[in-house]
Amino acid sequence: MWPLGREATTGEFPEHRFGLKDRTSWWDDPPARPGRGPHKIGWPLFSAAFLLPFLIPATRGLVVDPGPLWLRIFLGVLIYAYSACYAVFPAVFGKSRRVKLWFGGGMLVLGLLCALITDANPYVLLYATATLAFLFPAAWSLIFNGTALGLLVLALHLRGDLPEHLADVITVASVTSAMFFMSNLIRVIRRLELANQEIGTLAVASERERVARDLHDLLGHSLTTITVKAGLARRVLESSGDIDRAVREIREVEGLTRSALSDVRATVSEYREVSLPAEIAGARAALRAAEVDADLPHAVDNVRAELQSTFGYVLREAITNVLRHSGAKQVKVRLGRDWLEVEDNGRATGDAVPGNGLRGLSERLAAIGGTVTARARPGGGWVVRAKVPEPSPDGSAVAVRAEPAGGLA
């Protein structure tokens with residue numbers, strides 16, 4: 001993740017930093033998260049289960065082999081060195097690329113020698129090819145494993161053993177390919193995690209800039225005017241002692257400060273305001289995750305604009321209650337110009353007992369002259385309905401204002 005410097009303040013971000021189709025992603029692995037990958041201590045013990053089917057017959061063959069002792073010792077060192085590479089390869093994950101390349105190349109050479117010199121089954125090469133698929137980036141893995149498989153086929157062909165081991169070679173190539181795609185799937189997931197982290201960081205930086213810009217635009221002119229008028233009132237008092245004029249200027253300063261405070265509150269309210277479309281999208285995702293059949297509106301254009309934030313709170317609380325308490329399998333949400341209704345087919349049959357959420361919604365709706373009711377529906381389930389009356393022609397209805405989640409300062 002790059003630091004929040006020029007890119008975060010100018011909007012000029014490196015393109016495809018963790019792009020899935022980026023050419024450099026074939027040659028470089030994404031940064032590893034600490035604790036990911038095979039355990040450096042537990043893996044050597046776990047790897048014994050995979051190595052024993054190879055080591056037991058190979059060791060037995062060396063013991064009963066009537067050949068020269070020095071040759072058997074050499075083959076034993078070769079076999080156990082190859083097995084040791086497989087057992088300790090997690091320790092190489094955090095090393096430099098040069099160390100990884102030397103380790104991987106050496107392990108492949110040992111694997112080829114074990115497969116060819118000891119007359120073992122070509123399957124033994126899988127220990128190396130599978131290891132390199134996870135240890136190397138995609139391009140290096142293709143180069144090393146492809147070369148090793150090509151040399152194996154060539155050596156078997158020159159020895160005349162290729163027809164006998166052709167099925168084994170095909171199996172080795174198939175398993176190696178499967179390990180290659182599995183390792184790259186893990187890398188793709190890691191790149192997506194890193195991309196999401198960067199998106200979150202950049203979103204926070206962008207929102208911080210927006211708030212700073214809005215506050216600057218709101219307060220810059222007001223504070224400048226307040227400073228000028230306060231200075232004028234001071235000079236009037238110092239020079240002529242015109243109390244009436246000074247009081248008039250101070251009253252204007254007071255009006256400007258109230259206006260600035262109102263603007264700041266409005267900015268903060270907008271910053272923390274609930275969005276009805278966002279709440280519908282969130283409800284759809286939550287209900288889908290809970291395997292609840294959801295019938296939700298796709299647009300909110302028919303709802304009065306000043307009520308959308310308030311109805312967002314109602315929808316959020318109603319859906320939360322459905323998921324926590326109702327046991328419903330179906331939920332239906334309907335919207336009107338000044339009303340919202342959430343209906344479920346849960347197990348509730350009696351009167352609603354107001355909890356903290358319902359009381360909070362009642363208070364929120366009452367503040368704008370509306371009401372919220374919760375009642376049992378025939379056949380089981382709840383119906384939560386919020387309604388706000390149309391404003392009176394004379395303007396006597398309670399004004400609807402956006403309110404932040406924590407209340408106004």
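All values reported here derive from a predicted model rather than from experimental measurement. Only this structure's heavy atoms are used, side chains among them; waters, hydrogens and symmetry mates stay out.
Judged purely by atom type and a 3.5 angstrom limit, Gln308 uses its side chain to pair as donor or acceptor with the backbone of Val300. Using a distance-only test at 3.5 Å, with no hydrogens or angles considered, no donor-acceptor pair links the side chain of Asp168 to the main chain of Pro122. Side chain of Asn302 to backbone of Leu335: a donor-acceptor contact under 3.5 angstrom is found. A side-chain donor-acceptor contact under 3.5 Å links Tyr82 to the backbone of Ala128.
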*Test Phe103 against Leu135 for side chain to side chain contact (heavy atoms under 4.5 Å, CB included), laying out the working first.*
CA-CA 10 Å; Phe103 177 86; Leu135 189 62; 3.8 Å; yes
*Show your working on side chain to side chain contact (heavy atoms under 4.5 Å, CB included) between Leu132 and Trp140 and close with a plain yes or no.*
CA-CA 9 Å; Leu132 267 60; Trp140 289 110; over 6 Å; no
*In sequence, state the C-alpha distance, the side-chain angles, and the governing distance for Thr310 and Ile368, and then conclude on side chain to side chain contact (heavy atoms under 4.5 Å, CB included).*
CA-CA 9 Å; Thr310 303; Ile368 58 175; 3.8 Å; yes
*Assess whether side chain to side chain contact (heavy atoms under 4.5 Å, CB included) is satisfied between Tyr86 and Leu51, documenting all intermediate values.*
CA-CA 9 Å; Tyr86 181 72; Leu51 290 171; 3.7 Å; yes
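Exactly one of Asp161, Leu154, Leu156 qualifies for a side-chain contact (heavy atoms from CB on, under 4.5 Å) with Leu158. That residue is Leu154.
Expressed to the nearest 0.5 Å, how far CD1 of Ile250 lies from CD1 of Ile243 amounts to 8.5 Å. Here CG of Asp344 is found 13.0 Å from CG of Asp295. Values are rounded to the nearest 0.5 Å. Distance CG/Leu149 to CG/Leu108: 8.5 Å, rounded to 0.5 Å. Separating the CE atom in Met107 from the NZ atom in Lys100 is a distance of 14.5 Å, to the nearest 0.5 Å. Once rounded to the nearest 0.5 Å, the distance linking CZ of Phe134 with OG1 of Thr129 reads 10.5 Å. The distance from the OH atom of Tyr313 to the CG atom of Leu340 is 15.0 Å, given to the nearest 0.5 Å.
Residue Lys387 places its NZ atom among more than 12 non-hydrogen atoms of other residues, nucleotides or ligands, all under 6.0 Å distant.
Of all the heavy atoms in Arg304 and Glu390, the pair that sits closest is NH1-CA, 3.7 Å. The nearest pair of heavy atoms linking Ser183 to Ala133 is OG-O, 2.9 Å. Summarising the geometry of Ala328 relative to Asn345, their closest heavy-atom pair is CB-OD1, 3.5 Å, with the distance given to 0.1 Å. Nearest approach of Phe136 to Leu101, heavy atoms of both residues: CZ-CA, 3.8 Å. In this structure, Ile79 and Cys114 approach most closely via the heavy-atom pair CA-SG, 4.0 Å. Counting all heavy atoms, side chain and backbone alike, Ala374 lies closest to Val384 at CB-CG2, 4.2 Å.
Between the side chains of Tyr127 and Ser83, no donor-acceptor pair is found at a separation under 3.5 Å. Checked by atom type, the side-chain pair Thr320/Arg316 shows no donor-acceptor distance below 3.5 Å.
With contacts defined as side-chain heavy-atom distances shorter than 4.5 Å, the pair Leu125/Leu152 qualifies. Counting heavy atoms from C-beta on, the side chains of Phe180 and Asn145 never come closer than 4.5 Å. A 4.5 Å side-chain heavy-atom check between Leu194 and Glu198 finds every atom pair outside the cut-off. Side-chain contact between Trp382 and Val322 is absent, with no heavy-atom pair separated by less than 4.5 Å.
Note on Arg334 versus Glu343: no salt bridge recorded, every NZ/NE/NH1/NH2 to OD/OE distance being 4.0 Å or above. A salt bridge is absent between Arg251 and Glu254: the closest approach of a Lys/Arg side-chain nitrogen to an acidic carboxylate oxygen does not fall below 4.0 angstrom.
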